[in-house]
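First the structure, in the form of structure tokens, and then the observations on it.
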2 protein chains.
Amino acid sequence: MPKETKRRDTWFACLQANDYRLTKPRKTVINVLASSRQALNPTEIFDLAREEYPSLGLVSVYRTLETLEELNLIQRVHQPEGCKSYIAAFSGHQHLLVCEGCGRMVYFDGDDIASLVERVEQESGYQVNEHWLQLFGRCQACQ
Amino acid sequence: MPKETKRRDTWFACLQANDYRLTKPRKTVINVLASSRQALNPTEIFDLAREEYPSLGLVSVYRTLETLEELNLIQRVHQPEGCKSYIAAFSGHQHLLVCEGCGRMVYFDGDDIASLVERVEQESGYQVNEHWLQLFGRCQACQ
DNA sequence: ATCTTATTGAAAATGATTTTCAATTTCAGT
DNA sequence: ACTGAAATTGAAAATCATTTTCAATAAGAT
Ligand SMILES: [Mn+2]
Ligand SMILES: [Mn+2]
Ligand SMILES: [Zn+2]
Ligand SMILES: [Zn+2]
């Protein structure tokens with residue numbers, strides 16, 4: 001079974017486990033998001049999903065995004081061009097590496113920044129709780 | 001001379017050096033932004049600036065923000081609650097540390113992540129050009 | 001002080017997102 | 001499979017943020 005299919009089924013199960021109904025609009029939006037290698041904004045999701053389910057309404061895309069984000073299944077991606085697109089969330093603490101050419105994203109982990117955080121805490125007097133780290137570059141195909 | 005005054009005058013000079021006229025609306029918006037310790041969104045800037053110059057129009061806030069960003073005097077700040085606020089930019093490569101309590105921000109430097117970047121390049125096949133790093137925590141006053 | 005032109009604020013236009021609501025669909029209980 | 005209660009839907013209207021338009025004003029060069 002391909003990875004995206006597995007993810008899709010996990011999301012379906014998660015919705016049901018949280019008493020959400022498994023409707024056609026939701027399933028279609030999930031199909032699009034669970035199989036995308038790049039972050040998509042509401043309109044992009046709408047256009048792709050309509051190929052599979054033409055009577056889908058844009059409102060349902062917004063509503064489904066809200067639900068999926070609440071369930072931590074997707075996350076908003078911040079980029080210089082805007083912060084309105086979403087991609088499947090990784091479970092656990094991870095960071096994104098974004099291709100500036102094609103938009104393809106991969107997750108990476110690594111908390112090599114622990115010592116940096118410690119130093120900054122010393123110097124600033126702040127107590128650090130969280131960090132955002134995102135790398136931008138070019139994927140193999142786009143180099 | 002206090003630091004904010006110095007920054008304000010630098011910005012005034014930068015505008016003039018780029019053939020922008022030094023108008024009341026621009027000066028007022030700059031006064032607000034150059035002296036703020038936290039990021040402000042257009043409406044917040046508008047409200048604060050109107051205390052000094054009541055006939056200011058909101059459009060001018062938007063226009064001035066655009067100009068100042070182009071001149072690299074301010075930068076947009078991305079936060080979980082939104083990405084519409086601006087703060088004075090630091091010259092050179094720096095990162096932000098944001099207080100989750102009061103919003104107060106400080107810059108820090110440190111490219112301790114060079115080795116991390118190298119490792120991720122190896123593992124992913126991407127070529128990394130840029131990185132975003134932002135820390136969130138609590139400032140001394142808010143602890 | 002005058003002139004040229006950039007800049008302004010009000011109002012209208014646009015674009016994205018949210019709310020409202022009657023019709024439809026899901027799903028639990030039979 | 002059938003029924004009914006309740007969640008969910010899409011269309012349309014409403015809201016909110018931002019941009020555009022435009023006539024009036026103000027900055028700065030002469
Ligand atoms: Mn990390
Ligand atoms: Mn850095
Ligand atoms: Zn690429
Ligand atoms: Zn604080």
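Just so we're on the same page: letters track the sequence lines, and every chain starts at 1.
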Take the protein atom [atom1] of [X] and the nucleotide atom [atom2] of [N], then report the distance between them rounded to whole Å.
X: Lys27(A); N: dT25(C); atom1: NZ; atom2: P; result: 13 Å
X: Asp19(A); N: dT8(D); atom1: CG; atom2: C1'; result: 14 Å
X: Glu66(A); N: dT8(D); atom1: CD; atom2: P; result: 12 Å
X: Gln16(B); N: dA6(C); atom1: CD; atom2: C1'; result: 14 Å
X: Lys84(A); N: dC16(D); atom1: NZ; atom2: C1'; result: 12 Å
X: Tyr86(A); N: dA16(C); atom1: OH; atom2: C1'; result: 12 Å
X: Leu65(B); N: dT8(C); atom1: CG; atom2: P; result: 12 Å
X: Leu58(B); N: dT20(D); atom1: CG; atom2: P; result: 15 Å

Just compare [options] and give me whichever is closest to any side-chain atom of [X].
X: Pro42(B); options: dT18(D), dT19(C), dT20(D); answer: dT18(D)
X: Tyr20(B); options: dT7(C), dT19(D), dT20(C); answer: dT7(C)
X: Arg21(A); options: dT4(C), dT19(C), dA7(D); answer: dA7(D)

Please tell me whether His78(A) and Trp132(A) form a close aromatic pair, meaning their ring centres lie under 6.0 Å apart. yes
Heavy-atom nearest nucleotide on DNA chain D for Tyr53(A) versus Thr43(B): which residue maps closer to 5'? Tyr53(A)
Lys24(B) or Tyr62(B): which one's nearest nucleotide on DNA chain D is closer to the 5' end? Tyr62(B)
Carboxylate-amine/guanidinium proximity below 4.0 Å for Arg119(A) and Glu123(A): yes
For residues Tyr86(B) and Leu73(B): do they belong to one hydrophobic cluster (side chain heavy atoms under 4.5 Å, members Ile, Leu, Val, Met, Phe, Trp, Tyr)? yes
Is the shortest side-chain N/O distance from Thr23(B) to OP1 or OP2 of dT8(C) below 4.0 Å? yes
Respond yes when some side-chain nitrogen or oxygen of Arg26(A) is under 4.0 Å from OP1 or OP2 of dT8(D), and no when none is. yes
Are any of the side-chain heavy atoms of His95(B) and His131(B) separated by less than 4.5 Å? yes
Under the side chain to side chain contact (heavy atoms under 4.5 Å, CB included) test against Ile45(A), which residue among Thr28(A), Leu56(A), Val61(A) passes? Val61(A)
